[in-house]
Each structure stands twice: as structure tokens, then as C-alpha cells.
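Have a look at this one before I ask anything.
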Protein chains: 2
Amino acid sequence: MHASIVVFGTELLRGRVRDSHVQYLSRELGLLGVEVREALVLPDDPALGHEELSRMIERGGVVLVCGGLGPTSDDHGRELLASCAGVPLVFREDVWQALVERYPHLREVPSNRRQAYVPEGFEALPNPAGTAPGLWGRVGETWVAALPGPPVELARVFEDEVAPRIRAISGRASDTGERMYTTYLIPESALEDALAPWEGRLTWATQAQPGRVFLVLSGGDEETIRACVTSLEERFLPVLVFEGEKDLFVLLKEALARRGLTVGFAESCTGGRLSSSLTRVAGSSEIFWGGVVTYSNEAKERFLGVRPETLQTFGAVSRQTVEEMVRGVFDRMPVDVAAAVSGIAGPSGGSPEKPVGTVWVGVGRRGGRSRTFRALLRGDRERIQHKSTLLAGLLTYVLVQEEDWLDRKELADYIENKLT
Amino acid sequence: MHASIVVFGTELLRGRVRDSHVQYLSRELGLLGVEVREALVLPDDPALGHEELSRMIERGGVVLVCGGLGPTSDDHGRELLASCAGVPLVFREDVWQALVERYPHLREVPSNRRQAYVPEGFEALPNPAGTAPGLWGRVGETWVAALPGPPVELARVFEDEVAPRIRAISGRASDTGERMYTTYLIPESALEDALAPWEGRLTWATQAQPGRVFLVLSGGDEETIRACVTSLEERFLPVLVFEGEKDLFVLLKEALARRGLTVGFAESCTGGRLSSSLTRVAGSSEIFWGGVVTYSNEAKERFLGVRPETLQTFGAVSRQTVEEMVRGVFDRMPVDVAAAVSGIAGPSGGSPEKPVGTVWVGVGRRGGRSRTFRALLRGDRERIQHKSTLLAGLLTYVLVQEEDWLDRKELADYIENKLT
């Protein structure tokens with residue numbers, strides 16, 4: 001079963017408001033096993049509205065109309081439905097009485113009676129959160145629901161009245177068998193290549209953000225989905241693939257909190273972004289002691305005790321320097337876990353030996369030895385800073401969650417050679 | 001002239017993401033005098049896409065296609081445009097070369113070559129923020145633009161490449177007497193109120209981001225525009241209104257660099273976001289020495305020498321503490337300018353005397369006295385951290401650029417009582 005969504009609102013096409021109905025209804029319909037075929041945002045223009053709504057109705061399935069049910073002159077929803085259905089609008093005394101019982105003041109403004117008109121043969125759906133009732137009826141083979149525009153009212157009428165009716169007609173369970181995964185630091189194109197062999201057995205959709213890709217697998221049984229994910233974990237790394245929609249820094253905060261550990265950061269090229277990413281998470285004060293942004297060499301010496309010789313001999317972007325930065329964190333901060341990042345975010349500062357995008361990350365546990373990793377990241381300054389931050393966050397998470405992984409050759413190899 | 005918007009993205013119809021393109025493009029097109037007739041959100045389905053896109057193109061005007069230009073198998077944008085235009089897709093060696101010059105690694109994944117295919121007769125529009133180029137061409141009487149899906153890339157390609165072309169064909173000179181201004185920390189609604197008296201003499205459009213509003217004034221002569229801006233500066237503060245499209249931290253970096261000054265930060269509630277905002281700016285190493293994220297009280301004592309008595313007596317969120325934080329920066333860092341922030345970002349940690357959103361900011365120059373300001377910011381944790389960061393950045397900029405303003409009663413009054 002499929003659905004179309006039509007949203008009326010001139011303001012949405014003037015850039016003043018951002019529509020929220022499409023996202024809300026798409027999610028709810030997905031849970032009902034109904035696939036949304038398209039969503040259309042239209043101005044409050046009766047002619048265009050009639051043309052487009054008729055076209056949507058011809059496509060069959062369910063059509064959800066949002067807005068246009070209010071009492072004002074540019075609320076054409078009822079008229080449109082009636083004209084598309086080819087039936088008259090009838091005044092429903094029962095609907096009007098129910099309305100004025102709850103809102104006696106409605107009597108004072110005649111135009112409010114508009115809200116008691118219903119296309120002949122349609123049901124009026126009670127709106128516990130407002131005045132304008134919803135509408136439900138059939139036009140040819142297509143089911144049509146009209147919902148009030150205010151988000152709270154729309155949600156109430158949809159959940160209380162429309163969802164049950166859709167369940168009844170679609171007769172489907174509420175699980176679509178979709179599984180969502182979050183991957184970090186895997187390029188979308190590489191993920192696509194890895195998924196290609198599953199064509200036919202599974203369907204998937206990816207949604208990429210810098211350094212993170214959401215993957216939704218569906219159309220296959222549990223086993224197939226599981227096998228597909230395993231193949232991804234083998235091709236990439238299990239520590240890069242998370243079940244569900246996950247935020248790395250929320251995971252990190254929770255992993256630290258569960259174990260009662262605190263963390264401190266030493267940042268160079270990420271310039272505070274690592275600390276900032278963790279402190280965005282509510283409750284991070286529980287596990288984040290503090291950090292230093294040692295952007296200059298002198299800052300690395302003063303705040304972390306990195307030795308001038310180290311900086312001179314190996315440079316600020318080197319294994320030796322991030323190792324001393326990690327040590328510096330433990331010397332200067334009473335934390336259990338430390339992470340340090342130093343790299344070249346560009347656009348300038350690169351060299352043949354250390355091109356822009358070269359990043360060293362070090363992580364350690366107090367009393368344990370620190371591990372360091374080098375990556376060569378691509379993209380502009382923004383991308384490099386962002387991916388360096390994710391890499392440091394991810395390695396810190398791995399240290400806390402599955403430390404043995406830090407010594408696996410595959411991890412160092414992936415970061416050194418495959419990560420971009 | 002009118003436009004239609006087509007957004008491709010299955011994830012938008014599964015409820016996982018909320019579309020932002022329709023609002024952004026509607027607003028931008030409004031500024032260009034172009035009216036958006038309708039907006040359509042479609043799944044990544046070639047058949048449906050072809051049918052709907054053809055229909056939109058038949059309606060004339062300008063059709064903006066968002067998304068579907070990436071390298072993956074569900075990116076059908078190029079093919080759709082070609083088939084709707086009835087022309088072949090041609091591999092453009094020049095586009096490919098330009099791409100791999102910027103991103104050599106694209107060579108490694110064959111599917112990336114997809115991004116160098118262009119419908120015959122179409123222009124490829126450079127995408128400075130990513131890999132997939134935009135497209136611009138004509139189908140019959142209709143102009144068609146294809147924009148990459150990631151919001152940052154979409155905005156860059158639209159502003160740099162598409163907007164000028166639309167101006168040209170809609171016959172509006174690229175200088176329409178429009179003047180753009182950037183305001184910081186003025187609520188959009190307050191700005192609208194202040195503009196109301198100019199109704200009839202000027203037309204304006206605002207585009208709000210958290211803490212920042214872009215204002216475009218047009219339809220009036222220089223004098224009127226100047227007078228309007230002066231009235232805004234009087235109602236709010238000149239230091240909150242910048243001519244042109246300005247990024248606060250670029251302004252700060254340039255102001256410091258011009259004077260050969262260096263800066264250091266001490267952050268508590270902003271958790272590294274202040275340092276991160278400045279180090280996002282290329283070349284910031286020239287002026288940013290370093291910073292400390294003293295998230296815990298102990299960190300404030302160890303890294304900044306804030307006295308335990310001060311923390312006990314007045315609390316971490318107090319004038320006295322931020323004053324000592326500023327002093328601490330000068331004691332520990334060889335910088336000319338210092339800024340410190342301490343506040344309650346929430347959701348927890350508030351009290352009747354110091355509710356969530358209470359933020360203290362201190363700024364100073366070495367050898368000079370530090371000035372402190374208190375604000376009571378509204379919103380969730382994210383908003384409060386963001387606005388605290390902007391406030392600290394703005395006050396640092398004012399210190400460097402027009403220090404005397406820091407002693408004006410209006411500034412303290414605005415921050416204390418009007419800022420939200």
C-alpha cells in the first residue's frame with residue numbers, strides 16, 4: 001500500500017516556515033507499512049490545489065491532505081475535497097453542536113460554521129486538540145484523509161483516527177522489517193560498492209553526513225540482513241558499524257559513564273572541536289574533566305610538557321608528539337582516559353612528507369601504554385577537522401569499549417591506508 | 001517569474017530526515033523576486049522521477065532539482081535531466097580532471113566517474129564545497145538547475161552559480177539595489193518589529209540562523225536604506241549590525257591579524273566551541289595561541305589558577321570566576337587578548353538564582369582591566385552553548401575593534417536585559 005502527502009501552506013513556499021508534516025507523517029506511515037510515494041507542498045491556491053489533488057487521488061492508495069481546514073477564507077481544504085470527490089459540502093448540525101459545546105465562543109464568529117461543513121459521504125474526525133475536525137472518505141479507489149494544519153492537532157487526529165483506519169484497510173502489521181545502521185568513517189561510495197553484491201536479496205538506502213553514513217536495510221529476512229551487516233563488518237571494521245541511529249559522542253559519554261571513567265583531551269588541529277563534540281552531550285560534565293587546545297608549539301610545551309626537542313626533531317605532527325601529548329594529559333589532568341590529536345588541516349602547512357590531511361591521534365588509559373594512529377584525510381579544512389574529530393572520538397570509544405581492537409592490525413591498516 | 005522545487009531523497013519520505021531545501025530555496029528565490037509555485041519531494045525512483053520532473057518542466061519558469069547528483073546507484077539526477085531534456089549524458093573529461101585535481105582519491109572508486117557526466121548542452125556548475133557539480137541548462141522554455149543534496153553544497157552552488165543566472169534571465173540586474181546585512185544576537189522577531197515602520201518605503205527579507213540573522217533591504221534608494229540601518233543600530237547596537245554577509249569569527253581573525261595580536265580562550269560551558277569556532281577559520285594559527293576547556297572546577301584551579309574560595313563563595317558561574325579565568329589566561333598564556341566564558345548550558349544545573357541559560361563572559365587585554373558581562377540566554381543546551389560562543393566571540397571582536405564600546409551602558413544593558 002502506498003500514500004501521497006499534500007501540504008497546503010503559502011508560508012511554506014515563502015521560506016518563512018519549515019514544513020514538519022512530511023517528516024512526521026512519513027515516519028508514522030512507515031510504521032504502518034505504508035510507503036510514501038511523494039509529498040507535495042502547495043500554496044493556498046484553489047485552482048492549483050484542485051489540479052494537483054485530483055492527480056494525487058488518481059494515483060490511488062491513501063492521500064493525506066494537511067492544512068486548509070481552518071475557518072479563514074484561504075482555507076480551501078473542504079471545498080477541494082468536495083470538488084475532487086464530485087460531491088456537495090453539507091452542513092453537519094451534529095458536528096457544529098459538538099464544536100460549540102467545547103468552544104461556545106465559536107458561535108460569535110459566523111465564519112466558524114465553515115468548520116462544520118463536510119463533503120457528502122465523508123466522516124468528520126474529532127479533533128481533541130483544536131476546532132477544525134479532520135475528514136476521512138473515499139474517492140473512487142482512493143482513500144483520502146484531511147488533517148488540520150497545526151502540528152499538535154494533526155498528530156492527534158492522525159494517531160487517534162486516521163492510523164487505525166489505515167491499519168484496517170492495509171491489513172498489515174506495524175513492522176516494516178527495516179533495520180537502520182550508523183557507520184563512521186566509511187565513504188558512502190565504498191559502502192555502496194560493498195552492498196552491490198546484495199542487490200536483489202536486500203534493498204537499502206544510505207544517507208551520508210561528513211564522516212557518517214546512515215544505512216537502512218530492508219526487503220530481506222533477519223538472516224539476510226545479519227549476513228549483509230557481517231559482510232560489511234568484515235570488509236570494513238566492526239567498530240565502524242553501529243546498529244541503530246547512533247551519535248558517536250553520546251556512545252562515548254555513555255561508555256565512560258557506565259564504567260565511571262573520566263576523560264581529558266589534548267587538541268591541536270581539531271582546535272577544540274573534540275572537546276566541543278563531547279560537551280554537546282547533556283551530562284558530559286560527569287565524565288569530561290577538561291581539555292587543552294594547544295594550537296601553538298609553545299602551548300604544547302607549556303600545557304602538556306611536550307619537549308622542544310621532540311617538536312624540533314619530529315615536528316608537531318608526529319607519533320612522538322601525540323605520544324607526549326597523551327602523557328601530558330595524564331601528568332596534568334587527573335583523568336582515566338586521554339586522547340590527543342595533531343595534524344595539518346590546511347589549506348597551508350602541508351609538505352611532501354606531511355601533506356595537508358596528515359593527522360596523528362593518540363589514545364591511552366592511565367597506567368597503560370598509549371596507542372597512536374596516523375591517517376591521511378581528504379577534503380577541505382572543514383572536512384579534515386571534522387573527520388579528525390570523529391577519528392579521535394572513535395578511537396577513544398574503542399579504547400573504552402573494546403580495547404583489544406586497538407592492537408588489531410586491521411584497525412591500524414584501515415586508518416592508515418583505507419580511511420580518507 | 002515562477003519556480004518549482006523538486007527534492008529527491010527516499011530518506012525524506014521515510015521520516016528519518018526533515019527537508020531543509022524547500023525553505024532555504026523558497027527564501028532565496030523570494031529575494032530574487034521569483035515566486036515558488038510548488039515543491040515536490042520524491043523518492044529516488046527513476047520512473048516516478050521522470051514523470052514528475054517532466055510535468056514540472058512543462059509548467060515553465062525555473063525548475064530547481066535538489067539531490068540525486070552523488071556517485072551512488074540511487075543518484076539518478078543526471079540521467080533524469082538528460083531523459084527529460086531528450087539528450088544523451090556525455091562524460092566531460094574537463095569536469096573529471098577538475099574533480100580529481102581537488103580530490104585525487106576519487107580515482108580509486110569507479111562509480112565516482114558518474115559525477116563527471118553532464119546532459120549534452122548543460123553547464124556543469126563548480127561545487128566548491130564538495131564533489132558533485134551542479135547542472136544548469138534549458139529544456140524547451142524552462143530553465144533547469146540541478147543542485148547537490150548536502151545543504152552546505154546546495155547553498156554554495158545556488159549562491160555562487162544559480163542565483164546570478166536566475167537574476168540574469170529574470171531580467172533583474174545583479175545589483176537590484178539590494179543591500180545585505182548580518183546581525184548577531186538580535187532575535188528575528190525583534191528585527192521584524194524594528195523594520196515595521198519602514199513598510200512601504202523599503203522591502204526586506206530576513207534569513208535567521210541561531211544567533212545570526214541575514215537581512216536584505218531593497219526597493220529603496222541609498223539614503224532610505226542607510227536611514228533604516230541607522231535606526232536599527234540605534235534601536236539595537238551598531239556593534240551587532242555588519243554590512244554584507246559576515247562571519248563573526250572571520251571578522252575576529254582578521255581584526256586580530258591586522259593588529260598583530262594573539263588571543264587565548266578559557267572556556268567552561270562552551271566546552272571548546274569558542275576555540276573551535278575560531279580555528280575553523282583558515283590561518284587562525286597566526287592569531288590563536290591556544291585555549292583551555294576548564295569544564296570542571298578543578299580544571300579551573302589547575303589550568304587557570306582560579307582560587308577555590310572564589311569558586312566556593314561565588315560559584316563557577318559568576319563575575320568573580322570569569323575575571324579570574326581571564327587573569328589566568330594572561331598568567332599562563334603569552335597572549336595579548338583573552339576571553340573567558342562560564343555558564344549553565346543545562347538541561348540540569350540551574351537554580352532559582354542562576355537559572356539554566358545564565359552565562360558570564362569576560363574579555364580583556366594584557367595590562368588592561370577585564371570587562372565582564374552577564375546574559376540570560378533562552379533555548380536548549382545546543383542554543384545556549386551556541387549563543388554563548390557568539391557572545392564571547394562578539395565581545396572579543398568589540399574589544400579588538402572598538403574597545404570603548406565595552407564601557408557603554410547600552411552594551412551591558414542590551415546583553416543583560418534584551419539578549420535572549
Side-chain angles (χ1 to χ4, degrees), chain A residues 12-15 17-20 22-24 26-28 30 36-43 48 52 188-190 192-193 205-207 214 216 271-276 278-280 282 284-285 288-296 298-299 302-303 332-334 347-348 378 381-382 385 420, chain B residues 10-20 22-24 26-28 30 36-43 48 52 70-74 103 105 109 111-112 271-276 278-280 282 284-285 288-296 298-299 302-303 332-334 347 381-382 385:
Chain A
L12 298 170
L13 298 176
R14 298 293 171 270
V17 196
R18 181 178 302 183
D19 163 71
S20 66
V22 173
Q23 183 183 22
Y24 167 77
S26 299
R27 191 190 297 122
E28 294 300 312
V36 178
R37 280 276 304 279
E38 54 191 306
L40 184 60
V41 182
L42 293 173
L48 184 61
E52 293 290 30
E188 185 181 24
S189 53
E192 279 284 340
D193 288 359
T206 56
Q207 184 206 336
F214 296 115
V216 178
R273 198 160 174 161
L274 181 58
S275 299
S276 164
L278 185 57
T279 53
R280 273 199 174 85
S284 46
S285 54
F288 181 63
W289 187 86
V292 288
V293 184
T294 54
Y295 215 55
S296 59
E298 197 183 359
R302 285 209 198 180
F303 280 117
R332 315 289 173 106
M333 311 182 198
S348 61
R378 276 89 179 235
R381 179 180 179 84
E382 163 65 22
Q385 285 184 321
T420 60
Chain B
T10 301
E11 71 279 6
L12 298 169
L13 298 175
R14 297 293 173 272
R16 282 190 291 277
V17 199
R18 180 178 303 182
D19 163 69
S20 65
V22 172
Q23 183 184 22
Y24 167 77
S26 298
R27 198 185 288 268
E28 293 299 313
V36 178
R37 280 276 305 279
E38 55 190 304
L40 183 61
V41 182
L42 293 173
L48 183 61
E52 292 291 31
T72 70
S73 62
D74 58 4
Y103 303 101
H105 67 283
V109 180
S111 59
N112 283 321
R273 198 159 174 161
L274 181 58
S275 298
S276 164
L278 185 56
T279 53
R280 273 199 173 84
S284 45
S285 55
F288 181 64
W289 187 86
V292 289
V293 183
T294 52
Y295 214 55
S296 58
E298 196 183 0
R302 284 209 199 180
F303 280 114
R332 315 290 174 104
M333 312 182 196
R381 180 180 179 84
E382 163 64 23
Q385 285 185 323

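Below, chain A is the first sequence line, B the second, and so on; all start at residue 1.
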Need one label for B/F303: side chain, backbone, both or neither, based on atoms under 4.5 Å from any heavy atom in chain A.
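Both parts, heavy atoms under 4.5 Å.
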In terms of heavy-atom pairs under 4.5 Å with chain B, which of A/S275, A/A39, A/G290 leads?
A/A39
I need the residue from A/T294, A/D193, A/V292, A/L40 with the largest number of non-hydrogen atom pairs under 4.5 Å to chain B.
A/L40
When the 4.5 angstrom heavy-atom criterion is applied to B/P71 and chain A, the contacting part is side chain
To the closest 0.5 Å, what do you measure between OG (A/S189) and NE2 (B/H105)?
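So the OG of A/S189 and the NE2 of B/H105 are separated by 7.0 Å.
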Pairs of heavy atoms under 4.5 Å with chain A: top-ranked of B/S20, B/S284, B/P347, B/G291:
B/G291
Which region of A/Q23, side chain (C-beta onward) or backbone (N, CA, C, O), has a non-hydrogen atom less than 4.5 Å from a non-hydrogen atom of chain B, or is it both or neither?
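Both the backbone and the side chain of A/Q23 come within 4.5 Å of chain B.
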Counting heavy-atom pairs under 4.5 Å to chain B, which of A/E192, A/R378, A/R27 comes out on top?
A/R378
Contacting region of B/R381 [heavy-atom separation from chain A under 4.5 Å]
side chain
Quick check on B/R302 against chain A: is it the side chain, the backbone, both or neither that has a heavy atom closer than 4.5 Å?
side chain
Closest approach of A/S276 to B/G272 (non-hydrogen atoms, all atoms of both residues):
CB-C, 3.8 Å
When rounded to the nearest 0.5 angstrom, what distance separates OG in A/S26 from CZ in B/R18?
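Here the interatomic distance stands at 11.0 Å.
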Where on A/S285 is there a heavy atom nearer than 4.5 Å to chain B: the side chain, the backbone, both, or neither?
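Both parts, backbone and side chain.
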Looking at B/L42, B/V36, B/L278, which makes the most heavy-atom pairs under 4.5 Å with chain A?
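Ranked by contacts with chain A, first place is B/V36.
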Step by step, would you call A/V216 with B/R14 a side chain to side chain contact (heavy atoms under 4.5 Å, CB included)?
CA-CA 10 Å; A/V216 178; B/R14 297 293 173 272; over 6 Å; no
Looking at chain A, which one of B/E382, B/E28, B/R37, B/E298 has the largest number of heavy-atom pairs inside 4.5 Å, strictly under?
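Maximum pair count with chain A is reached by B/E298.
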Please flag which part of B/Y103 lies under 4.5 Å from any non-hydrogen atom of chain A: side chain, backbone, both or neither.
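Side chain only.
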Report which part of B/E52 has an atom under 4.5 Å of a heavy atom belonging to chain A: side chain, backbone, both, or neither.
side chain
Only one of A/L12, A/L13, A/D19 passes side-chain contact (heavy atoms from CB on, under 4.5 Å) with B/V22; say which it is.
A/L13
Report the distance from atom CD of A/E38 to atom CG of B/L48, rounding to the nearest 0.5 Å.
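If I round to the nearest 0.5 Å, the distance is 5.0 Å.
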